[in-house]
There are 2 protein chains.
Amino acid sequence: MIQIAMIEDDTEMAELIGEFLAKHNIQVTNYDTPSLGLSALKVKSFDLLILDLSLPDMDGLEVCRLVRQSSDIPIIISSARSDMSDKNACFYMGADDYMPKPYESQELLLRIHSILRRYKKEPIEVTKKEIFECSVERQEVRKNGELIYLTNAEFEIMAYFIKRSGFALSREEIITNVDSINYESSVKSIDVMIGRLRLKIEEDPKKPHHIISLRGIGYKLINE
Amino acid sequence: MIQIAMIEDDTEMAELIGEFLAKHNIQVTNYDTPSLGLSALKVKSFDLLILDLSLPDMDGLEVCRLVRQSSDIPIIISSARSDMSDKNACFYMGADDYMPKPYESQELLLRIHSILRRYKKEPIEVTKKEIFECSVERQEVRKNGELIYLTNAEFEIMAYFIKRSGFALSREEIITNVDSINYESSVKSIDVMIGRLRLKIEEDPKKPHHIISLRGIGYKLINE
DNA sequence: ACCAATGGTAACAAGTTGGTAAAATCTGAT
DNA sequence: ATCAGATTTTACCAACTTGTTACCATTGGT
């Protein structure tokens, strides 16, 4: 039995939809205020959320944002408005589908199944997320999606680290593989560069968790 | 770069959509007959398929069924018809979304990202609005819709920047790709042109936020 | 506890790069 | 041919990046 949460202030409408979906083996629980819905989502687990945009005491978009903060649950937004800015905002907030009112229950049913088909297939948290990503063509390194400003040599060192995440790298290896570093440089300058990198990428540069030192060996990047 | 296959017999329409999506880092390859599209899907790998229902020599639904037999690729179906029986059939065949024609390109973009986010665990990629838009036919560049007067060389540089938004561009690359710049010009003249461009497009040309310098590399345009 | 080896980093120095004013050159319209 | 505006070159400066050194802190072995 599929469990769906619904946040819709028009209880009559909610009931109609609920009855229809019940016929198709989907149980809908409606919450007629955003706060009720939000607290229910925290406690119970649902397969999907149907969210009405035009709510009384809180903006539907805000509700969507709040839900997305803590959950990856599929969200279908329905709204009486159908202009692009609304759609834009909804998808931006992480909605999975947008249905302008009025819509046919049958279409809602189809879209629910379509989304769940995709969603259920994805085992949650299978792929560990990488912390650092690097794009050479954009000349940028991102930490959890956030752009980090690096100088050229720093960028290339970081790019090399990312490429060889998890492996121990000697200072010599770093010097020979990073173009921006003069190959005649002393190995000590690597230490300095690493220090500068840490200032930019570590939460606490004094206690590095990403670029760690391997005494007598070199360094390695932890990227997970 | 997201790779999308499209099966659409209206090549003009296909081109329009392709151009729009290209601006958002999505490459579209259109096949104007189902058989072409089907064989392409067997050989190349795409992230998503956009399928038009009203095709000449084969029913779009049949195409959808054939694709689904061998692939789990996300499918967005677009159709001039919008009756429930069509939608029913499409979702039944395993389509991921259904867009009745005519639709706005922007909405297509949103739905593509929404589906890919689920399918590929794509980090919620914010499709921010572009700041700079360029029309070669009109020979104009607009910043947030507002026309900016540029000289010829400035315009072409800007056009190239916009086309390659977000990517690091070397001075050499700029010179060879911008016709208005004599290819024998010294790379230093790029700096001067960039300086003048900044005077016209930056709020504070001394602290550029749109055309940023990449020391030792070149420049890049931030267009979001 | 001591010591030697290693890593961290502040401070400095040298070299490089980008910004830009001003002059020179080019180009196209009249 | 002339002129105005656009483009390119030149030259200089300011800012930034990188590399070295020196000194301190930490580690690990004895």
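Excluded from the calculations below are hydrogen atoms, water molecules and symmetry mates; all remaining heavy atoms, backbone and side chain alike, are included. Note on naming: letters A, B, ... go to the chains in the order of the sequence lines (proteins, then strands), and numbering restarts at 1 for each one.
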Between A/Ser189 and A/Leu150, which has a closest nucleotide on DNA chain D that is more 5'?
-> A/Leu150

5' priority, DNA chain D, between B/Val192 and B/Tyr149 [closest heavy atom] = B/Tyr149

In terms of side-chain heavy atoms of A/Ser186, which of C/dG7, D/dA6, D/dT20 is nearest?
->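 In terms of side-chain proximity for A/Ser186, the closest of C/dG7, D/dA6, D/dT20 is D/dT20.
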
Interatomic distance, [X] [atom1] vs [N] [atom2] [rounded to whole Å]:
{"X": "B/Glu202", "N": "C/dG18", "atom1": "CD", "atom2": "C1'", "value": "15 Å"}
{"X": "B/Ile181", "N": "C/dC26", "atom1": "CD1", "atom2": "P", "value": "17 Å"}
{"X": "A/Asp204", "N": "C/dG8", "atom1": "CG", "atom2": "C1'", "value": "13 Å"}
{"X": "A/Arg171", "N": "D/dT20", "atom1": "CZ", "atom2": "C1'", "value": "16 Å"}
{"X": "A/Asp179", "N": "D/dT17", "atom1": "CG", "atom2": "C1'", "value": "16 Å"}
{"X": "A/Leu214", "N": "C/dG8", "atom1": "CG", "atom2": "P", "value": "10 Å"}
{"X": "A/Met193", "N": "D/dT20", "atom1": "CE", "atom2": "C1'", "value": "13 Å"}
{"X": "B/Asn182", "N": "C/dG28", "atom1": "CG", "atom2": "C1'", "value": "16 Å"}

Is there a side-chain contact between B/Ile112 and B/Ile50 (heavy atoms, below 4.5 Å)?
-> yes

Report yes or no: do B/Asp191 and B/Tyr219 form a side-chain donor-acceptor pair below 3.5 Å?
-> yes

Would you say the side-chain atoms of A/Arg171 and A/Ser185 include a donor-acceptor pair closer than 3.5 Å?
-> no

OP1 or OP2 of [N] sitting under 4.0 Å from any side-chain N/O of [X]?
{"X": "A/Lys206", "N": "D/dA25", "answer": "no"}
{"X": "B/Lys188", "N": "C/dG19", "answer": "no"}
{"X": "B/Ser180", "N": "D/dT7", "answer": "no"}
{"X": "A/Ser185", "N": "D/dG19", "answer": "yes"}

N/O donor-acceptor pair, side chain A/Arg215 with base C/dT6, under 3.5 angstrom =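 Yes, a donor-acceptor pair under 3.5 Å.
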
Under 3.5 Å, is there an N or O donor on one side and an acceptor on the other linking the side chain of A/Arg196 and the base of C/dG8?
->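 Not at all, since no donor on one side and acceptor on the other fall under 3.5 Å apart.
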
Working to the nearest 0.5 Å, report the span between CG of B/Leu169 and CD1 of B/Ile211.
->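 One gets 10.0 Å once the value is rounded to the nearest 0.5 Å.
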
Name the nucleic acid region contacted by A/Tyr219, choosing base, sugar-phosphate or nothing; use a 4.0 angstrom heavy-atom cut-off, strictly under.
->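 Sugar-phosphate: the residue A/Tyr219, judged by heavy atoms under 4.0 Å, touches backbone atoms but no base.
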
Would you check if the distance from the ring center of A/His210 to the ring center of A/Phe132 is below 6.0 Å?
->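 Ring centroids of A/His210 and A/Phe132 are less than 6.0 Å from each other.
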
Residue whose closest nucleotide on DNA chain C lies nearer the 5' end, B/Arg198 versus A/Ser213 | A/Ser213

